[in-house]
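Heads up, the thing below is written out as structure tokens.
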There are 2 protein chains.
Amino acid sequence: MKFETFKKMVSLSREDICRELFLAHRERIKIKKERVAVGNLVKIFEAALAISNRKGFSAMSLRELSTEAGLSMGALYTCFSSKEELLDLLQKLGRTMVMKVLLSQIDGIADRREKMKRAIQTHLYLSEVMQPWFYFSYMETKNLKKDEQKKAIEAELFTEKVFAGIITEGIADGRFRHVDPDMTAAVIKAMLQDWYLKQWKYGGRRVTVEAYARFLFDVVDSYIVKPLKSKRGTHGRHR
Amino acid sequence: MKFETFKKMVSLSREDICRELFLAHRERIKIKKERVAVGNLVKIFEAALAISNRKGFSAMSLRELSTEAGLSMGALYTCFSSKEELLDLLQKLGRTMVMKVLLSQIDGIADRREKMKRAIQTHLYLSEVMQPWFYFSYMETKNLKKDEQKKAIEAELFTEKVFAGIITEGIADGRFRHVDPDMTAAVIKAMLQDWYLKQWKYGGRRVTVEAYARFLFDVVDSYIVKPLKSKRGTHGRHR
DNA sequence: GTCTATATCTGGATAGAC
DNA sequence: GTCTATCCAGATATAGAC
């Protein structure tokens, strides 16, 4: 699947995401009209992610946020009750989204190799659509309070389990070699994360998401799949 | 090489490192006696890394640092002139060290495959010895001022070039497949970094550095090396 | 060289006018 | 619902005693 196709398919525009969040947190938000609340949330989240990804969340002052979002201090505090709550809201924003999309995309694919390819692709495409959020989430996890931190770690382990699961299945039906599923899933995750953590690198080298997805699948594939004498090397090219 | 052997060999005790730094920054440090200055630097750096890795550098107050280091506010300011300078000093601390050790360890190894193994191992062992610094450096790069940030990025690209170089050599002498050296080096780096960025994960799973090094080499090797019919699969085990 | 005390500023949060 | 003005906790940095 092309990235553009994916982008349209999972129509998670910023508004949609924020509307969902607004509905989930109705009680805690003082604004009553949906239109206004969602509009403000969008502006705040976008600005907060931008500033945080430049200098870190804790170095971002709320005054700074208010000017970048084009709202006053008072207006900010109608959407959240403390800077810490804003952090929690931001984290929650992406987590459920990621799991939902990832699972829906690989559900029902029988061929393990194909499933692996699709999982890699989906994770990369997702992190491309929501790049600021992924980066933010990675960098700020350690600044959450204990229980929120735990949820973030669970989310990381959850996606890892998805990959480990595919590998285990592949080993069971004999198409994959006897690699360590957990270790392999761990490094796959590391390579997936590099895509959104080092945008400056891949962007600068003009590597597209599609190209990175193909490349990454090649690396993984050549490690886990049992070599068929003649097949080896046919999928070794990229770009 | 075993990790313990490596640890003794590169005898970079905290004191040694700080002494070097002290000598390099004599002018800017008010304390004149080497013994005292180095002792304080060690305490300060150790405490600063510990706190920063818990909550982030910008969230660390100097009061906090002074108590954790067992020094007064006044004493801190005899070692650096501002919080920002402390950040720069910390960053500089590890960079040169890494390059020096990494290059010295792989210098003069003719066999490309062996060289790759050694480079992976050395990088992992280094990041194990200096874990707090590696983690810190990764997380705080974006908070540096422009020119310091540039140096940090150069350092990242430098180690990446080391790996890309080995791959290019291996392709040239015909032992490696025609993979993309830059892309491959990039994901190798990503997997190396995962080791110190996700200590909670690997520590919790009781994975040792040696095991991770072997595993990682297997993954890389199976991707870049041309398969000899009979050889494939012989180095696919780990643990 | 190291300490305590303090000047000065910045940032999170809120009250009350519009 | 949004804005401005303000409170005050806590941060950096320094002065001066020991």
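As a basis for the values below, the full set of heavy atoms in this structure was taken, side chains included, without hydrogen atoms, waters or symmetry mates. Numbered from 1 within each chain, the chains take letters A, B, ... in sequence-line order.
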Next item on the list: For A:N53, enumerate each residue passing the side-chain contact (heavy atoms from CB on, under 4.5 Å) test, keeping only those at least two apart in sequence or located in another chain.
Entry: A:P132, A:Y135, A:F136
Next item on the list: Name the orientation class of the two ring planes belonging to B:F6 and B:F3 (parallel below 30°, tilted from 30 to 60°, perpendicular beyond 60°).
Entry: parallel
Notebook entry, point to check: Does a salt bridge link B:R54 with B:E68, judged by any charged N lying under 4.0 Å from a carboxylate O?
Noted result: yes
Checklist line | Positions of residues 30-57 of chain B (non-hydrogen atom under 4.0 Å from DNA chain D), listed by number | finding: none
Note to self: Keeping A:W133 on the side-chain end and A:L90 on the backbone end, is there a donor-acceptor pair under 3.5 Å?
What the structure shows: yes
Note to self: I'd like to know if A:E148 and A:K145 make a salt bridge, using a cut-off of under 4.0 Å between side-chain N and carboxylate O.
What the structure shows: no
Check: Could you walk me through whether B:Y212 and B:D194 pass the side-chain hydrogen bond (donor to acceptor under 3.5 Å, both in side chains) check?
Finding: CA-CA 10 Å; B:Y212 192 75; B:D194 211 52; 4.6 Å; no
Check: Is the closest side-chain donor-acceptor distance between B:Q193 and B:E156 under 3.5 Å?
Finding: yes
Between side-chain atoms of residues 80-87 of chain B and protein atoms elsewhere (two or more places apart, or another chain), which donor-acceptor pairs fall under 3.5 Å?
from: B:S81; atom 1: OG; to: B:E85; atom 2: OE1; distance (Å): 2.9
from: B:S82; atom 1: OG; to: B:E84; atom 2: N; distance (Å): 3.4
from: B:S82; atom 1: OG; to: B:E85; atom 2: N; distance (Å): 3.2
from: B:K83; atom 1: NZ; to: B:F57; atom 2: O; distance (Å): 3.2
from: B:K83; atom 1: NZ; to: B:S58; atom 2: O; distance (Å): 3.4
from: B:K83; atom 1: NZ; to: B:M60; atom 2: O; distance (Å): 2.9
from: B:E85; atom 1: OE1; to: B:R28; atom 2: NH2; distance (Å): 3.0

Check: Tell me, which of residues 61-79 of chain B have any heavy atom that sits under 4.0 Å from an atom in DNA chain D?
Finding: B:S61, B:L62, B:R63, B:M73, B:Y77
Next item on the list: List in chain and number order the residues that pass side-chain contact (heavy atoms from CB on, under 4.5 Å) with A:T208, two or more places apart in sequence or in another chain; answer none if no residue qualifies.
Entry: A:E210, A:A211
Next item on the list: Walking along DNA chain C from 5' to 3', note the first and the last nucleotide with an atom under 4.0 Å from a heavy atom of chain A, and give both.
Entry: C:dG11 to C:dT14
Note to self: If we count only N and O atoms by modelled type, under 3.5 Å, do the side chains of B:Q91 and B:S137 hold a donor and an acceptor together?
What the structure shows: yes
